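Report on the following structure.
Letters A, B, ... mirror the listed sequences (proteins, then strands); counts begin at 1. Worth knowing before you read on, the calculation uses all heavy atoms, side chains too, and leaves out hydrogens, waters and symmetry mates. Just so it is clear, the model here is predicted, and its values are computed rather than measured.
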Amino acid sequence: MLDFVADVPLVDHHCHGVVTGNPQRERFERMLTEADTVSPLGTSLFDSLVGLAVRERCAPVLDLPKHAPAEDYLARRAELGAEEVNRRFLHRTGTTDFLLDGGFQPDELTGTAEFARLAGARAHDVVRLEQVAEDVVRAGTTASRFAADFGVELEKRTKHAIAVKSIAAYRVGLELSGERPDAVEVVDAAGRWLGRVGAGLGLRLADEVLHRHLVWAGIDLGLPVQFHVGYGDSDVDLHRCDPLLLTGFLRATRETGVPILLLHNYPFHRNAAYLAQVFEHVFVDTGLITHNAGFRAPAILAETLELVPFGKLLFSTDAFGLAELYHLGTTLFRQGLSGFLQSALEADALSEVDAQRLVRLAGHENATRIYRLEPR
Amino acid sequence: MLDFVADVPLVDHHCHGVVTGNPQRERFERMLTEADTVSPLGTSLFDSLVGLAVRERCAPVLDLPKHAPAEDYLARRAELGAEEVNRRFLHRTGTTDFLLDGGFQPDELTGTAEFARLAGARAHDVVRLEQVAEDVVRAGTTASRFAADFGVELEKRTKHAIAVKSIAAYRVGLELSGERPDAVEVVDAAGRWLGRVGAGLGLRLADEVLHRHLVWAGIDLGLPVQFHVGYGDSDVDLHRCDPLLLTGFLRATRETGVPILLLHNYPFHRNAAYLAQVFEHVFVDTGLITHNAGFRAPAILAETLELVPFGKLLFSTDAFGLAELYHLGTTLFRQGLSGFLQSALEADALSEVDAQRLVRLAGHENATRIYRLEPR
Amino acid sequence: MLDFVADVPLVDHHCHGVVTGNPQRERFERMLTEADTVSPLGTSLFDSLVGLAVRERCAPVLDLPKHAPAEDYLARRAELGAEEVNRRFLHRTGTTDFLLDGGFQPDELTGTAEFARLAGARAHDVVRLEQVAEDVVRAGTTASRFAADFGVELEKRTKHAIAVKSIAAYRVGLELSGERPDAVEVVDAAGRWLGRVGAGLGLRLADEVLHRHLVWAGIDLGLPVQFHVGYGDSDVDLHRCDPLLLTGFLRATRETGVPILLLHNYPFHRNAAYLAQVFEHVFVDTGLITHNAGFRAPAILAETLELVPFGKLLFSTDAFGLAELYHLGTTLFRQGLSGFLQSALEADALSEVDAQRLVRLAGHENATRIYRLEPR
């Protein structure tokens, strides 16, 4: 690997907390990929690229030989204990700043402060918009008061946060209108939602108008907006999560100057890279696919780099729960970037001085600029 | 090529019969690709990757030098005669079991028993659901009797079959609803169909409700369901054949535990691989694109392998008519798998023991498990 | 690079004029990619693959060292002057024939004759259908007279043209119906359009019926029809520009025998290649993405070549304004073709005689045949 890629400090601009306990084999397998169940029909999820990557790249961190069998790996993991395992993997990332979305399964994961301590790094909060809205409804509101109540709550929760995040992709897909919803539309939509909640249909928000309203509320606070895009678990309608569906929304928001960050994007990463080229406020990463594709992650990063300007590419792991995933996402991102630049250097397609500058941009400078991180 | 890939016995889980005659040049070109016509506007279809692959990889099997001109190739083919040509190519595949869909142009191709004899291998029947339904209508039925008549006929025809197949992709696309159609809906849809048939509009089934009913009937019999997905001839509306459109249907069927097999998938192979990761009952192959992409087939297989667990990948040629296509599909699949694993081995991303195990899974163990093939 | 690729004469079947002035840095950056603005949020567009390619491949043409900084490059460009810069880049392409679409920003670019002089090559006119229609409305027409007026004007303007072009992709997307619109539909649509124009809503044509009518008018003249497909600036709804949306239209036009040329196609280039395989009158290129993807252009060409027969692939730069883009498009196309064939030769997947023949097809023979260019 190129020295200056191996050593560049990273900002992981989107990830989650780690589990503090020691997952058994089935739970470990489930957390390893986006599959939500393990089935004898399909054999073990260790037999996928991410599983092979754990055995290749994580086993040595736990003092095992490369390619140690899954059973041995999990036994050694249990022996060392979660605290030590988490510390080893997180310390090894070379990440100075983690941006944590704490909005999914918060009870099972470390919070931001605990994470910072484990990782020996700075950790920052990303506020999940839909979680705030659902908490507001849970606490009690009315259709006409919803917008105001949500606004107050969002301002409170984002006081120390550096970004917001929308999971509209998981609820209604990404075909958000280019229009900002007006007050009447929001009251109507909130009324429909509260009606469903009152009828016992659950709290889960899934309403195009309201997701859009939430995002605009984040934009009004001047906070960068992260969007889940593309690849996720079986709960997502992936064909509704092509980032191109956001085109109208991106046209409508470009004048605000607020950065929009498209996360993951696979298998639509080329589409996302296109958006990052043509819209000045759009940024992309390859997030979640990086550790999932293991050995193939560099190929996906190379496809993404066809169109995205280097000033628009960010790094994230989207690691969730398993400390291994922070390590894998980081090392595979470095490997992909290094491989890409090495081929370019071999083809004399850029100079080494440029290569070093581009690595700093993608590794941390873009994130530092966009999230206005304080210099370390 | 890695020894253990070159030697692994294969189960070709989706293919068709071979032609018993000797096709002339124009017919040969037409059968070579998915183009349904040869035109002076576009010159010869031999000048595509599959055409080059025939001249590279098939010519030596007929005792010609590599890259022999198309004319020489076809002359030699005629000289040897169809029986000998078919025998040479089929024997060379190293395939122990062929699963044959005999539902398309059955009059021009060998049946299952004849195929088994030519190939010196086992051959099994896959029943095309739409063909059964159309035969039931041809034989005479009514709207209210259709479901029962179809059920009886399907049970009869699948007595010795090991899977069913749907070509809904070719007729209505893959956006099948997640709901199982109820009896009334089926009667109504059958009525509409019979009305069109009665009005002389042809027997061809194309009705979302009925395709869905057919598939559920297959599931009720506990038979694995194959779906044509993606790449096909000009009769397909390819933008309606993205496997992601099946998401709702896959959610609805996962609890049955019946395997769903997504065939071909190109250019949506990454989408299909995603589905195979997140749904425990979904399996994929790269089928038809393998021989068509010739020299590039390994690159497509590598993209597919980004997300699909090795326990979910199957092998098929989707060869139809020309014996060359069984040979090409097989050798290019082996080459792709070998190339992928070789790069992984060179990068030390997996051990050789693992590589051998993964090859057995994809080569025949997955198919044996899913289709419950008897051990040989 | 393979000799016979480096030396093959090219027909650039789709490009635009060059600017005659000397663009300052901001304008240069804007013309370099499809971004329509440069923003401090995203840093410099020179930090993208096309920017690196300019510094790698264009700097030496202006007597600078490879990888010269952007500032130095632009200073040297200004020093040499636009006429000399344009001459150097255009002469170096090895292109014998340029097909120019002069329909976008004609006031800022050279016309066809001036371009031919600068390039020392033949230049031919491609008539942009929508521009003709808008000119007809600007000159004054009525709903009932529109079709006739347009027909007369189109015939006049195409007298010396060799193709027409549709930018329906930019206006309504590519989901054009498979039906030829009848006279009444055209009158109605023209009436709606004239109504909007009369209401001060601007002259811009965006009506599915009328775009379709324009294309059929081009077909009636027997002129090859070019379609903008896929990648473009932020004005395009890229998700409406998948070439597969043209499937019905292609079925409806195949019997005319008039060639349909799908331009650019990225990120849908595999879809376009599929259409070129299965429809005898469809042809593709990778146009605009070639220079934009710089160092990665060969990978995209390789994906396109999976399905497109070599008799159906054309070359274009889609260069617009900056002389650098003709040079980059040309040299990267040659590099991609050479790299592809070199790997094939190394794998012994084709013979050198075949490789040479395929290069002539894609380089100029296909274009010569389709556009009926006179031999040189």
Heavy-atom distance under 4.5 Å to chain C: side chain of [X], backbone, both or neither?
{"X": "A:D354", "answer": "side chain"}
{"X": "A:S351", "answer": "both"}
{"X": "A:F340", "answer": "both"}

Which atoms of [X] are under 4.5 Å from chain A, going by heavy atoms: the side chain, the backbone, both sets, or neither?
{"X": "C:Q335", "answer": "neither"}
{"X": "C:F46", "answer": "neither"}
{"X": "C:V236", "answer": "both"}
{"X": "C:N292", "answer": "both"}
{"X": "C:P40", "answer": "backbone"}
{"X": "C:L41", "answer": "both"}

- Any idea how C:F320 and C:H16 line up, ring-wise: parallel (<30°), tilted (30 to 60°), or perpendicular (>60°)?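 Answer is perpendicular, since the angle exceeds 60°.
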Do you see a donor-acceptor pair shorter than 3.5 Å between the side chains of [X] and [Y]?
{"X": "A:D285", "Y": "A:H13", "value": "yes"}
{"X": "A:D97", "Y": "A:H124", "value": "yes"}
{"X": "A:H281", "Y": "A:T253", "value": "yes"}
{"X": "C:Y231", "Y": "A:Q277", "value": "yes"}
{"X": "C:H228", "Y": "C:D318", "value": "no"}
{"X": "C:S166", "Y": "C:E130", "value": "yes"}

- Between A:F227 and A:F249, does the ring centroid distance fall short of 6.0 Å?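 Yes.
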With respect to chain C, which residue among [options] yields the maximal number of heavy-atom pairs within a distance under 4.5 Å?
{"options": "A:E306, A:K312, A:E365", "value": "A:E306"}
{"options": "A:L245, A:D348, A:L358, A:L313", "value": "A:D348"}
{"options": "A:P309, A:A302, A:P259", "value": "A:A302"}
{"options": "A:G257, A:G311, A:A273", "value": "A:G311"}

- Should we say atom CD of C:Q105 is surrounded by more than 12 heavy atoms from elsewhere, each under 6.0 Å from it?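 Check passes, neighbour count above 12.
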- Message: A side-chain contact here means heavy atoms from C-beta on lying under 4.5 Å apart; do A:L350 and A:L341 qualify?
- Response: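 Side-chain contact under 4.5 Å: yes.
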Top of [options] for chain A proximity - count of heavy-atom pairs under 4.5 angstrom:
{"options": "C:E56, C:R240, C:H67, C:R57", "value": "C:H67"}
{"options": "C:T37, C:T43, C:D47", "value": "C:D47"}
{"options": "C:S48, C:S39, C:S234", "value": "C:S234"}

